[in-house]
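Numbers restart at 1 for each chain; the letters A, B, ... are given by sequence-line order, proteins then strands.
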There are 2 protein chains.
Amino acid sequence: MALMAPTQQVKRRATNQGAAVKEALAAEDTFRSAQDVYATLRASGEKIGLSTVYRHLQIFVDDGLADVIHKPDGESTYRLCGDASTTHHHHLVCRQCGKAVEIEGPAVETWADKVAAQHGFSDVNHTVEIFGLCTACAA
Amino acid sequence: MALMAPTQQVKRRATNQGAAVKEALAAEDTFRSAQDVYATLRASGEKIGLSTVYRHLQIFVDDGLADVIHKPDGESTYRLCGDASTTHHHHLVCRQCGKAVEIEGPAVETWADKVAAQHGFSDVNHTVEIFGLCTACAA
DNA sequence: GTCTTATCGGGAATCATTTTCATTATTGCA
DNA sequence: TGCAATAATGAAAATGATTCCCGATAAGAC
Ligand SMILES: [Mn+2]
Ligand SMILES: [Mn+2]
Ligand SMILES: [Zn+2]
Ligand SMILES: [Zn+2]
């Protein structure tokens, strides 16, 4: 059994950079890479370093504010989570522009757990991502 | 609509290196990284280069002989496919040792297509991976 | 055996991500 | 309000997987 670390809220300082990264993500319902966010912020005159962008994106993930999807080419992309860490969900993602729709599939959840249990696997989680072309990109 | 390239069977030469990579993968029902396969082969005295390992792993994927899973840390892992490219399936994978079981979920397939269609997405595919600890690693 | 060229592999190049660490800015408190 | 404690920053270097380059090697055809 894993030790359950107390959910100690880490003390975080409010900074311009942190706010800027969050705004950049909030601007679109799209999965975006750290490099992309960084380029966008710099282009808009924001004073921020690449390390800081990576740092905040990871913080968002740790805090359950953002989801991350690893593209086949290895690049990680981030997107603010609709309703924070409350609801478990997955995504329908446009492989062209990154636009994403949050989706739920209760049946998939139970299926995944059942299959894992049947094979004796424990401490289970899963990834379910549907990729395609959004209507805009299909044109 | 995508042009359907003629399924021209590429002429491939039989080499010791290609066979060695396939054997290394066949030895275990586990997803393994290129670096890992390379290290294993060299350790067993095999005369092979890292580039060649990557080359053959990619060939296996192109030929539908192997599946690839991208780990969260970005590393790609490969595993020979049970029944070649015939059956679409997913995997239940041990996040500790990489041991994998091929699984099927017809309901998930139809669900994925339906959800995508409802949102107007086209040219759809999906990834479904269940991770956990196998009985051996749970001990 | 000889030729053609697919394959090999050492090493350099890419490139996203991480680490380092001196500098800067935020927050709690006197 | 003033200041010390320290969290945050970011430029630069390091890391590490993967790809690229290209002269050397070897499989397959005749
Ligand atoms: Mn789920
Ligand atoms: Mn499927
Ligand atoms: Zn799109
Ligand atoms: Zn295991």
Might you list the N or O atoms of the protein lying below 3.5 Å from N or O atoms in nucleotides 1-4 of chain C, with each pair's distance?
none

Testing the basics here: between B/H119 and A/L92, what is the closest heavy-atom pair and its distance to 0.1 Å? CB-CD2, 3.5 Å
When the C1' atoms of the five terminal pairs at each end define the local axes, what inter-axis angle does the helix from C/dG1-D/dC30 to C/dA30-D/dT1 show, to 10 degrees? 30°
Looking only at side-chain N and O atoms, does A/Q35 offer a donor or acceptor that is under 3.5 Å from a partner on A/Y54? yes
Value in whole Å for how far the C1' atom of D/dG16 lies from NZ of B/K71: 13 Å
Going by the angle between their ring planes, with limits at 30° and 60°, are B/H91 and B/H89 parallel, tilted or perpendicular? perpendicular
Starting at NE2 of B/H70 and ending at C1' of D/dG16, how long is that distance when rounded to a whole Å? 17 Å
Residues from residues 42-61 of chain B sitting under 4.0 Å of DNA chain C, heavy atoms only? B/R42, B/K47, B/I48, B/G49, B/S51, B/T52, B/R55, B/H56
Tell me which of B/A14 and B/G74 sits closer to the 5' end of DNA chain D, going by the nucleotide each one is nearest to. B/G74
What's the spacing between B/F31 CZ and B/R95 CZ if we round to 0.5 Å? 15.0 Å
Rounded to the nearest Å, what distance is computed from the CG atom of residue A/N16 to the P atom of nucleotide C/dA25? 10 Å
Without placing hydrogens or testing angles, list every side-chain donor-acceptor pair under 3.5 Å for residues 124-139 of chain A, not counting sequence neighbours.
from, atom 1, to, atom 2, distance (Å)
A/H126, NE2, A/H88, NE2, 3.3
A/H126, NE2, A/H90, NE2, 3.1
A/H126, NE2, A/E109, OE1, 3.1

Base, sugar-phosphate or nothing for A/S33? Non-hydrogen atoms, less than 4.0 Å. nothing
Choose from C/dG28, C/dC8, D/dT18 the nucleotide whose nearest atom is closest to any side-chain atom of A/K11. C/dG28
Quick one: list whatever passes side chain to side chain donor-acceptor pair (under 3.5 Å) with A/D73, sequence neighbours left out. none
Counting only side-chain nitrogens and oxygens, does B/S76 get under 4.0 Å of the OP1 or OP2 atom of D/dT18? yes
Check the side chains of B/Y78 and B/Q58 for a donor-acceptor pair under 3.5 angstrom, ignoring hydrogens and angles. no
Classify the nucleic acid contact of A/Q35 as base, sugar-phosphate or nothing, counting any heavy atom under 4.0 Å across all strands shown. base
Nearest whole Å is fine: how far is D/dA17 P from B/D73 CG? 9 Å
Look up atom CZ in A/R55 and atom CG in A/L50, then write down how far apart they are to the nearest 0.5 Å. 10.0 Å
When the distance from CD of A/Q17 to P of D/dA7 is rounded to whole Å, what number comes out? 17 Å
Would you be so kind as to tabulate the donor-acceptor pairs closer than 3.5 Å made by side chains of residues 17-24 of chain A, with sequence neighbours excluded?
none

Joint hydrophobic cluster, A/V93 plus A/V68, side-chain heavy atoms closer than 4.5 Å: no
I need the B/L80 CG to B/L57 CG distance, nearest 0.5 Å. 9.0 Å
